[in-house]
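Note that ligands are numbered from 1 as they come in the structure, with each ligand's atoms numbered from 1 the same way. Index from 1, following the sequence. Quantities reported herein were computed from a predicted structural model and do not represent experimental measurements.
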Amino acid sequence: MKKIEEMVKILEFPDLGDERGNLVVVEGEGFGAPFDIKRVFYIYGSDSTVVRGQHANRKTEFVLINVAGSSKVKVNNGQETVIYELNRPRMGLYLPTMLWKDMYDFSSDSVLLVLASEHYDGTEYIRDYEEYKKEVLKLKDE
Ligand code: TYD
């Protein structure tokens with residue numbers, strides 16, 4: 001099985017800003033996000049006591065960007081765990097399918113922007129960690 005650090009990508013977006021301020025552009029299909037962006041959502045008003053996510057996705061890939069403030073993402077592949085801190089508006093975290101993720105430690109000004117490769121479909125979410133482990137370890141054996 002691949003290590004998490006080989007599966008996840010830390011993306012750096014160029015700043016097209018000038019004296020008027022910063023401008024960061026993320027496009028789909030390889031120009032920023034390595035997929036065609038079908039859905040965008042953002043999370044704010046969470047605080048340092050909240051844990052979000054706690055699921056894996058069978059079909060959806062994501063890019064996470066803290067466009068303001070900071071948060072942490074704990075990524076697990078059924079075998080190991082790696083923690084990433086999102087704290088810069090030009091940094092993106094690419095997460096492929098079938099990774100278990102927790103988002104937590106949100107700063108009070110955190111705005112976490114999420115780009116997704118699929119429309120929302122609750123049936124492709126795995127929300128039970130034991131079920132996730134069973135599925136991901138089965139994939140490993142195939
Ligand atoms: P949830 O998956 O718990 O959010 P998070 O991963 O940030 O912890 O989603 C909360 C609710 O919102 C849940 O009822 C599903 C719904 N939802 C949508 O309808 N569309 C979406 O794109 C997302 C992310 C969630």
Any donor-acceptor N or O pair under 3.5 Å, side chains Asn76, Tyr129: yes
Could you tell me how the ring of Trp100 sits relative to the ring of Tyr132: parallel (under 30°), tilted (30 to 60°) or perpendicular (over 60°)? tilted
Would you mind listing each N/O atom of ligand 1 next to any protein N/O under 3.5 Å, plus the distance?
| unit_1 | atom_1 | unit_2 | atom_2 | d |
| --- | --- | --- | --- | --- |
| ligand 1 | 2 (O) | Arg127 | NH2 | 2.9 |
| ligand 1 | 4 (O) | Arg52 | NH2 | 3.4 |
| ligand 1 | 6 (O) | His55 | NE2 | 2.8 |
| ligand 1 | 7 (O) | Arg52 | NE | 3.0 |
| ligand 1 | 7 (O) | Arg52 | NH2 | 3.2 |
| ligand 1 | 8 (O) | Arg52 | NE | 3.4 |
| ligand 1 | 8 (O) | Gly53 | N | 2.8 |
| ligand 1 | 22 (O) | Arg39 | NH1 | 2.4 |

By the rule that ILVMFWY residues connect when side-chain heavy atoms come within less than 4.5 angstrom, directly or transitively, which residues belong alongside Tyr104? Val51, Ile83
Exam field: side chain Arg52 to backbone Ser46, donor-acceptor pair closer than 3.5 Å: no
Please report the shortest heavy-atom distance between Phe62 and Arg39, naming the atom on each side. CE2-NH2, 4.1 Å
Worked check of side-chain contact (heavy atoms from CB on, under 4.5 Å) between Leu93 and Leu86: CA-CA 8 Å; Leu93 181 68; Leu86 300 175; 3.8 Å; yes
